[in-house]
Asker: 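I'd like to ask some things about the structure below.
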Amino acid sequence: MILDLGTALGLLAAGLYFATYAVKHMLTLRIIAIASNVFFIAYGIVHWALPELLLHSVLLPLNAKRMWEIRHLTREISRATQDSPVSQWLLPHMARRKFTAGEVLFRKGDPADEVVYIASGEVKVEDYGQVLGAGELIGEIGIFSPEKVRTQTIVCETDGELYHMTGEMIYQLYYQNPKLGFFFMRLIVERLLRDVRRGSAAPGTA
């Protein structure tokens, strides 16, 4: 049996499509998905299969955009250092809101379901009197602790603005790029070492 060009293109596209279910790395998945889109489009042109042609003409730019986002995040994480703060690669995925002086961001023992980045203003770790300002990421210890509860009470000292992200979103980003886990691990270790140097036996960022 001799396959015509259109059928060969369709079979190759279908094979690539099924291959996306066998890979775990998100960048590889997007690359294979883009290749599948291209071959499905070619199949649609050869056989004038309008549904496949339209569907994959829409999916192709979407997959290309997702691939660009993953590659961009990978580069940002790879460059992230003390001089390249978390905000540069995490902030685009976070939601913004304002806070007011006296507001309690969370209390000790509350469920830990998000991390918070302070963009402006100041907050205080109530138990220790430690004041945290712009550029601080707080709440990561509670997110990754086995109990998933807040270890400190955080009260807003001034009006300001923060960005927040749910733990679920962090896990999704981690799945797309496991390097994210190493950055949070480094952040937590640096936080604990800083607390030890200050003579505090407990973490100060809930």
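Residues take their numbers from the sequence shown, with the count starting at 1.
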Asker: Going from CG on Leu9 to CZ on Phe39, what distance comes out if it is rounded to the nearest 0.5 angstrom?
Answerer: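 Those atoms lie 7.0 Å apart.
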
Asker: Count I, L, V, M, F, W, Y as connected when their side-chain heavy atoms are under 4.5 Å apart, and connections chain through other members. Are Ile41 and Met67 then in the same cluster?
Answerer: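 Same hydrophobic cluster.
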
Asker: Tell me whether Tyr17 is reachable from Leu59 by hopping between hydrophobic residues (I, L, V, M, F, W, Y) whose side-chain heavy atoms are closer than 4.5 Å.
Answerer: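 Different clusters.
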
Asker: Which value, rounded to the nearest 0.5 Å, describes the distance between Leu29 atom CG and Ile34 atom CD1?
Answerer: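 Nearest 0.5 Å value for the CG-CD1 distance: 10.0 Å.
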
Asker: So do the side chains of Thr166 and Val115 get within less than 4.5 Å of each other, counting heavy atoms only?
Answerer: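 Counting from C-beta outward, Thr166 and Val115 never come under 4.5 Å.
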
Asker: For Arg150 versus Pro111, what's the shortest heavy-atom pair and its separation?
Answerer: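 Residues Arg150 and Pro111, closest heavy atoms: NE-O, 4.0 Å.
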
Asker: Taking all non-hydrogen atoms of both residues into account, name the closest pair between Gly139 and Phe106 and its distance.
Answerer: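 That closest heavy-atom pairing would be CA-CZ, 4.5 Å.
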
Asker: Return the minimal non-hydrogen interatomic distance between Ser36 and Ala13, and the atom names on each side.
Answerer: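 Shortest heavy-atom contact: OG-O, 3.1 Å.
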
Asker: Can Val58 and His56 be said to form a side chain to side chain contact (heavy atoms under 4.5 Å, CB included), step by step?
Answerer: CA-CA 5 Å; Val58 172; His56 291 279; over 6 Å; no

Asker: Can you check side chain to side chain contact (heavy atoms under 4.5 Å, CB included) on Leu137 and Val116, steps first, answer last?
Answerer: CA-CA 6 Å; Leu137 187 71; Val116 173; over 6 Å; no

Asker: Do Glu136 and Tyr117 touch side chain to side chain, with heavy atoms closer than 4.5 Å?
Answerer: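 Not touching, per the 4.5 Å side-chain cut-off.
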
Asker: How long is the straight-line distance from CE of Met94 back to CZ of Arg96, given to the nearest 0.5 Å?
Answerer: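 Rounded to the nearest 0.5 Å, the CZ-CE separation comes to 13.0 Å.
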
Asker: Are Leu55 and Leu50 connected in the hydrophobic side-chain network, where two residues link if heavy atoms are under 4.5 Å apart?
Answerer: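 Different hydrophobic clusters.
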
Asker: Just so I know, are the side chains of Ile138 and Ile154 near enough to count as touching, which here means a heavy-atom distance under 4.5 Å?
Answerer: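 Of all side-chain heavy-atom pairs linking Ile154 with Ile138, at least one is under 4.5 Å.
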
Asker: Sub-3.5 Å donor-acceptor pair from the side chain of Thr158 to the main-chain atoms of Gly121, do we have one?
Answerer: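 Side chain of Thr158 to backbone of Gly121: no pair is present.
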
Asker: Does Asn37 reach the side chain of Asn63, with side-chain heavy atoms less than 4.5 Å apart?
Answerer: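 In short, these two side chains touch, coming nearer than 4.5 Å.
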
Asker: Would you call Glu103-Arg97 a salt bridge at under 4.0 Å N-O?
Answerer: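 Salt bridge flag = yes for Arg97 with Glu103.
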
Asker: Who pairs with Glu114 by side-chain hydrogen bond (donor to acceptor under 3.5 Å, both in side chains), at least two apart in sequence or on another chain?
Answerer: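 Scan of Glu114 (side-chain hydrogen bond (donor to acceptor under 3.5 Å, both in side chains), adjacent residues dropped) gives His164.
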
Asker: Under a single-linkage definition using a 4.5 Å side-chain heavy-atom cutoff for Ile, Leu, Val, Met, Phe, Trp and Tyr, are Tyr21 and Leu62 assigned to the same hydrophobic cluster?
Answerer: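 Result: no, two separate clusters.
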
Asker: Taking atom NZ as the centre, does Lys148 end up with more than 12 heavy-atom neighbours from other residues, nucleotides or ligands that are less than 6.0 angstrom away?
Answerer: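 Counting neighbours around NZ of Lys148, more than 12 heavy atoms of other residues, nucleotides or ligands fall under 6.0 Å, so yes.
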
Asker: Quick check for you: to the nearest 0.5 Å, what is the distance between Glu126 atom CD and Leu105 atom CG?
Answerer: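 Rounded to the nearest 0.5 Å, the CD-CG separation comes out at 11.5 Å.
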
Asker: Where does the angle between the aromatic ring planes of Tyr43 and Phe40 fall among parallel (under 30°), tilted (30 to 60°) and perpendicular (over 60°)?
Answerer: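 Perpendicular, since the angle between the ring planes exceeds 60°.
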
Asker: Taking all non-hydrogen atoms of both residues into account, name the closest pair between Leu16 and Ile32 and its distance.
Answerer: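 Looks like O-CG2, 3.2 Å.
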
Asker: Quick one: do Val104 and Val123 end up in the same hydrophobic cluster if we chain Ile, Leu, Val, Met, Phe, Trp and Tyr together by side-chain heavy atoms under 4.5 Å apart?
Answerer: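 Hydrophobic grouping puts Val104 apart from Val123.
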
Asker: Using every non-hydrogen atom in the two residues, find where Phe99 and Cys156 come nearest and quote the distance to one decimal.
Answerer: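 Smallest interatomic distance, heavy atoms only, reads CD1-SG, 3.3 Å.
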
Asker: Which heavy atom of Lys108 sits nearest a heavy atom of Thr153, and at what distance?
Answerer: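 Scanning both residues, the minimum pair turns out to be N-OG1, 2.9 Å.
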
